[in-house]
Amino acid sequence: MQPVLSISRRIRSTPFTERVTAAGVTAYTVYNHMLLPTIFRSLEEDYHHLKNNVQIWDVSCERQIELQGPDSQNLIQLITPRNLSKMKDDQCYYIPVVDDTGGMLNDPVAIKHSQNKWWISIADSDLIYWIKGIAVAKNMNVTITEPDINPLAVQGPKADELMRRVFGEEVVTLKFFRHKKFLFNGKHHIISRSGYSKQGGYEIYTDGFKNGEAIWDRLFNEGQELDVRAGCPNLIERIEGGLLSYGNDITQKNSPYEAGLGKFCSPGLAIDFIGAQALKKQSLEGPQRQIRALFIEGNSIPNCTKPWKVIHGNIKVGQVTSAAWSPDLSKIVAISMIDRKYWEIGNKLEVICPTGRRPAEITEFPFVK
Ligand code: THG
C-alpha cells in the first residue's frame with residue numbers, strides 16, 4: 001500500500017479542499033505548505049481532458065506576497081534581474097528572483113496593481129522572509145503580507161466560453177499576462193489571462209474564503225455542458241510545454257541563465273538589484289550548463305523523485321529532473337540540465353533511471369507547439 005500524507009494545520013487546506021475532495025482528487029503534493037492536487041482520474045486521463053475541454057484548478061498554493069506602500073516598486077526591483085520600469089498597472093511579468101550569488105530563490109509571477117501595490121505570486125519557497133529581511137534592513141516604507149487570496153485557474157480550450165458565461169463578454173478581451181478587476185457577488189476580484197499550462201486560460205484571484213467557494217460553484221454550474229472538471233497542473237502537459245517547476249527543475253544552485261531565463265535578465269546599468277554583480281559574468285559568457293528538453297527512449301517511465309544522471313560514455317554531463325510519457329507524441333519527454341559541451345540539439349546521450357540505462361536525445365522546447 002502507498003503511504004498517505006498526514007494533513008494538519010501546518011499543511012494548509014484551501015477554500016476549495018472540500019470541493020476538490022468531492023470531485024475525486026486521488027493525489028496531492030505540498031506546495032508553499034499548502035495542499036496542491038496532482039491527479040484526479042489519472043495523469044493521462046486528466047491530460048486529455050485538459051487539452052480538449054476546460055478544468056478548474058485549485059492553485060491556492062500560488063500564494064500572494066503583497067507589497068504596499070511608497071517603497072513597493074523599489075523593493076520588488078531589488079529582488080529581480082528583470083527590468084520592471086516599463087511595466088503597466090495591468091500587467092503580469094514572469095520574474096526570476098535571485099539572491100546575492102545570483103542563485104534562484106523563486107520564479108513567481110509579479111502582478112502590478114500600481115507603483116505602490118504589487119502581488120508576487122510565488123512558486124514553492126518561503127520567499128516572504130527574504131523580502132521582509134531586505135525591507136527591514138533597508139528601513140523601507142512598505143508593508144509586506146500574505147493576504148487571503150486563493151487563485152483558481154480556469155484552463156483549457158473551452159476556458160473562454162466558461163469565463164464569458166460567468167464574468168461576461170469583457171473578460172475574453174483580456175490579453176496574455178494582463179489583468180483586470182471583475183465584479184462577483186458585489187466584490188471585485190482580479191482576473192488575469194495566465195496559468196501553468198499551454199492550453200490557454202485565466203487565473204481568478206479569489207478574495208476571501210467564502211467568495212472563493214461561491215466562484216467555484218458558479219463555474220461548475222455554468223460549465224456543466226462543457227464537461228468542466230476539477231483539474232490541476234498536469235505533469236505531462238507542463239513538460240510538453242516546457243514550463244519549469246521550481247524545486248524540481250531549478251533550485252537555489254541555479255542562475256536564471258542556467259534556467260534558460262536569460263531573456264528576463266538585464267544585469268547592466270539600467271537597474272539595480274541584489275545579485276547583479278554575480279550575474280554579470282554569466283550575462284557576457286553564458287552559463288556552463290542549461291535547461292534542455294530531452295527525449296528518452298522507452299514507452300513508460302517511473303516518477304523522477306530524485307535527479308537521474310545523464311551520461312556521455314562514462315562521463316556525467318547532466319541530470320534529468322522531470323519526465324513523463326507523452327500520449328500525443330508517443331515518446332518520453334523530459335526536462336534536464338546539461339553541461340555546455342553536450343547541450344546541442346540532436347546530441348545523443350544516455351540517462352540512468354531506476355529501470356536502467358536508456359538512450360536519450362536533446363531536443364527543443366516546447367515539445368508541443
Ligand atoms: N500563475 C501564477 N502564479 C504562479 C504560477 C502561475 N506561481 C507559481 C508558479 N506558477 C510560478 N512559475 C511559473 C512558470 C511559468 C509561468 C508562470 C509561472 C508561465 N510561463 C509562460 C511560458 O513560459 O510560456 C510565459 C512566460 C512569459 O513569457 O512571460 O506562464 O502559473 N499566478
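Just so you know, ligand 1 is whichever comes first in the structure, and atom 1 is the first atom listed for that ligand.
Contacts with ligand 1 closer than 4.0 Å are made by side-chain heavy atoms of Y205 only, the backbone lying farther away. By the criterion of a heavy-atom distance under 4.0 Å, neither the backbone nor the side chain of V59 is placed next to ligand 1. The part of Y31 lying near ligand 1 is the side chain, judged by heavy-atom distances below 4.0 Å. Contacts of F177 with ligand 1, taken as heavy-atom pairs under 4.0 Å, involve the side chain alone. Residue contacts with ligand 1, taken as heavy atom pairs separated by less than 4.0 Å, involve D107 via backbone and side-chain atoms alike.
Scanning all protein heavy atoms for the shortest distance to atom 24 (O) of ligand 1 gives K198 NZ, 2.4 Å. Protein heavy atom at the shortest distance from atom 17 (C) of ligand 1 is V109 CG2, 3.8 Å. Ranking the protein heavy atoms by distance from atom 7 (N) of ligand 1 puts S121 O, 3.0 Å first. Looking at atom 23 (O) of ligand 1, its nearest protein heavy atom turns out to be L243 CD2, 3.7 Å. Distance from atom 28 (O) of ligand 1 to its nearest protein heavy atom, with residue and atom name: F264 CZ, 4.1 Å. For atom 6 (C) of ligand 1, the nearest non-hydrogen atom of the protein is E62 OE2, 3.3 Å. For atom 13 (C) of ligand 1, the nearest non-hydrogen atom of the protein is Y94 CE1, 3.5 Å. Of all protein heavy atoms, the one lying nearest to atom 25 (C) of ligand 1 is F176 CZ, 3.9 Å.
Ring geometry for F16 against W216 counts as parallel: the plane angle stays under 30°, on a 0 to 90° scale with 60° as the upper cut. Using cut-offs of 30° and 60° for the angle between ring planes, the F167 and F182 rings count as perpendicular. Using the six-membered ring where Trp is involved, W119 and Y205 have ring planes that are tilted, between 30° and 60° apart.
Under the 3.5 Å distance criterion, with hydrogens and angles disregarded, a donor-acceptor pair is assigned to the side chains of N106 and S125. D58 and T14 are linked by a side-chain donor-acceptor pair at a separation below 3.5 angstrom, with hydrogens and angles left out of the test. Between the side chains of T321 and D249, a donor-acceptor pair is found at a separation under 3.5 Å.
Shortest non-hydrogen contact noted between H189 and N211 is CE1-CB, 3.7 Å.
Listed by atom number, the atoms of ligand 1 under 4.0 Å from E203 heavy atoms are 1 (N), 2 (C), 6 (C), 31 (O), 32 (N). Listed by number with element, the atoms of ligand 1 under 4.0 angstrom from any heavy atom of I122 are 7 (N), 8 (C).
Crowding of K180 atom NZ: a count of heavy atoms from other residues, nucleotides or ligands under 6.0 Å not exceeding 12.
Residue contacts with ligand 1 include G195, since one of its heavy atoms falls under 4.0 Å from the ligand.
The existence of a salt bridge linking D160 and R193 is confirmed by a sub-4.0 Å separation between a basic side-chain nitrogen and an acidic carboxylate oxygen.
Both the sub-6.0 Å distance and the 45° axial angle are satisfied by R82 relative to the ring of Y93.
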